[in-house]
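Here is the structure we will look at.
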Amino acid sequence: MTFTKNRRYKEKMKKISVIGLGFVGLTLAVTNAQKGFFTIGVDNKKEKINNLNKGKEDFFEQDLTKYLKNSLKSKKIQFTSDTKKAIIKTDITFVTVGTPSLKSGKSDLSYIKKSLMEINDILNNKNKTHLIAIKSTLTPQTTQKIILPIFKNLIIKNKLHLVVNPEFLREGYAIKDILEPHLIVIGEQDKKSGDILKKYYSEFYKNPPEIIRTDFTTAELIKYTNNAFLATKISFINSIANLCQKIPEVDVNKISYAIGKDKRIGSLFLQAGPGFGGSCLPKDLSGLINFSNQVGSSDLFFKAIKEVNNSQLKLIIGLMKKLNVLNKQKTISILGLAFKKNTDDIREAVSEKLVKKLLSLGLKINVHDPMAIDNFREIFGSKITYYDKIMDCLKNSDCCIILTEWDDYKKLKQSDFIKIMKTKNVIDARRILDPTKFEKINFVALGLGKK
Ligand code: NAD
């Protein structure tokens with residue numbers, strides 16, 4: 001492309017705004033800017049905006065710092081709390097505000113409703129037609145029954161195009177997943193709306209992935225089903241792990257490796273462990289149970305996935321009992337607080353539930369995590385002790401529990417535990433260590449039958 005053609009092309013590129021700069025929104029905003037789209041990121045937390053304008057993000061995600069700094073340097077990105085400015089200056093808005101679980105398991109739609117009502121007021125005074133793409137995860141029928149009525153007048157006047165565009169990224173790999181998605185789903189009511197988003201994706205990707213175009217509710221249910229299936233795989237292998245633990249010499253890792261070789265099954269999400277956490281699987285599974293009840297369909301299967309997941313904590317406590325470390329004089333070292341590696345996210349992480357339980361029993365707790373310490377400190381303050389170094393966390397301890405699969409923990413050797421711990425008890429709740437290399441200490445693991 002010649003210089004002038006290239007400039008003309010860039011000038012024609014749509015201008016993007018992203019509302020809600022959490023894990024999804026911020027990574028999406030900086031990736032758009034890096035791809036050359038003029039992008040405005042909006043969040044209602046003013047302090048967050050001030051920090052982002054200085055190049056400081058408030059959570060850890062691989063490559064995020066680099067992308068944020070480059071975007072600011074190229075002036076392709078602006079951050080603001082002024083939704084009006086963002087909507088007026090751009091053509092397409094991605095909505096990425098949170099849809100957390102309420103106690104009932106239902107999704108809390110208050111953030112998205114508030115945001116969309118604000119956008120509706122602004123668009124009523126904008127002359128150009130605008131596209132709203134909702135990336136927040138929604139309970140099926142939310143767009144049809146709750147969101148469409150908000151925008152009714154704008155749609156009648158042909159001033160708004162609306163699509164549901166669920167996001168499938170994984171925390172820890174968010175930027176990579178935005179750059180190389182396995183699929184794009186567009187839920188639309190009219191073809192024109194879907195066409196605009198499809199055109200944007202053809203500018204974003206040199207070779208766009210497969211795009212599925214469907215109605216709003218199917219798009220919403222695809223996202224719920226996707227997450228429920230991932231949760232199913234985890235609870236399934238954890239049920240097999242619990243069985244393995246009762247049978248001498250049997251190790252679930254060998255079983256998951258073997259069945260993962262079957263292409264119909266696949267090896268991903270088949271690692272036994274403390275159960276799934278994070279901001280998506282537990283919440284979307286609860287949402288699916290609630291939605292099934294609402295439409296009069298059986299929730300039996302989905303409830304079982306959840307129950308298996310909740311019981312993983314009891315299994316860890318059971319292993320502690322076996323090792324005789326559940327009394328007040330004991331010090332427990334927990335390695336790994338984040339709900340999985342490569343993130344500092346501790347939402348719905350088993351670490352929080354375990355620490356609460358152990359504190360209620362009066363045990364002394366040491367914790368280590370390469371990324372999530374600050375988030376954990378906000379919950380537990382001075383009730384537990386935080387360590388930057390693994391070996392300091394293990395010093396004089398009575399039991400080590402590995403809860404997150406960080407690469408540094410995979411490098412631990414038997415001699416490390418022998419050297420530093422008071423009593424050499426290790427629980428591998430993530431199944432990242434080879435049990436045959438830990439035969440001189442009290443090594444137990446989820447899904448490992450005792451000798
Ligand atoms: P998050 O809670 O990390 O971030 C949401 C952000 O929205 C916050 O910074 C909040 O301040 C902001 N916000 C709320 N109301 C606002 C408003 N009216 N105007 C401007 N900003 C507002 O959420 P997240 O983890 O990024 O998830 C966002 C959505 O994407 C959820 O529906 C989630 O289910 C879905 N999702 C998340 C992931 C993930 O891995 N985190 C993956 C796929 C889909």
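We're numbering straight along the sequence, starting at 1. Every number for a ligand or one of its atoms is a count from 1 in the order of the listing.
Between the side chains of N242 and S239, no donor-acceptor pair is found at a separation under 3.5 Å. For the residue pair S136 and T99, no side-chain donor N or O sits within less than 3.5 Å of a side-chain acceptor on the partner.
In this view, D58 and K48 satisfy the side-chain contact (heavy atoms from CB on, under 4.5 Å) rule, not counting sequence neighbours.
Here the two rings, on Y200 and F94, have centers that are under 6.0 Å apart.
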For ligand 1, output the ligand-protein N/O contacts shorter than 3.5 angstrom; if there are none, return none.
{"residue": "ligand 1", "atom": "2 (O)", "partner": "R347", "partner atom": "NH1", "Å": "3.4"}
{"residue": "ligand 1", "atom": "9 (O)", "partner": "D43", "partner atom": "OD2", "Å": "2.6"}
{"residue": "ligand 1", "atom": "11 (O)", "partner": "D43", "partner atom": "OD1", "Å": "2.7"}
{"residue": "ligand 1", "atom": "11 (O)", "partner": "D43", "partner atom": "OD2", "Å": "3.4"}
{"residue": "ligand 1", "atom": "11 (O)", "partner": "N44", "partner atom": "OD1", "Å": "3.4"}
{"residue": "ligand 1", "atom": "21 (N)", "partner": "N44", "partner atom": "N", "Å": "3.3"}
{"residue": "ligand 1", "atom": "25 (O)", "partner": "R347", "partner atom": "NH2", "Å": "3.2"}
{"residue": "ligand 1", "atom": "26 (O)", "partner": "F23", "partner atom": "N", "Å": "3.0"}
{"residue": "ligand 1", "atom": "26 (O)", "partner": "V24", "partner atom": "N", "Å": "2.9"}
{"residue": "ligand 1", "atom": "32 (O)", "partner": "T99", "partner atom": "OG1", "Å": "2.6"}
{"residue": "ligand 1", "atom": "32 (O)", "partner": "T137", "partner atom": "N", "Å": "2.9"}
{"residue": "ligand 1", "atom": "34 (O)", "partner": "T137", "partner atom": "OG1", "Å": "3.3"}
{"residue": "ligand 1", "atom": "34 (O)", "partner": "K283", "partner atom": "NZ", "Å": "2.7"}
{"residue": "ligand 1", "atom": "40 (O)", "partner": "E171", "partner atom": "OE2", "Å": "3.4"}
{"residue": "ligand 1", "atom": "41 (N)", "partner": "E171", "partner atom": "OE2", "Å": "2.8"}
{"residue": "ligand 1", "atom": "41 (N)", "partner": "S279", "partner atom": "OG", "Å": "3.4"}

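Annotation: salt bridge (Lys or Arg N to Asp or Glu O under 4.0 Å) contacts involving residues 145-163, sequence neighbours excluded, are absent.
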Using distance only, find each side-chain donor-acceptor pair of residues 372-393 under 3.5 Å and give its atom names and separation, not counting sequence neighbours.
{"residue": "N375", "atom": "ND2", "partner": "D344", "partner atom": "O", "Å": "2.7"}
{"residue": "Y386", "atom": "OH", "partner": "G381", "partner atom": "N", "Å": "3.3"}
{"residue": "Y386", "atom": "OH", "partner": "G381", "partner atom": "O", "Å": "2.7"}

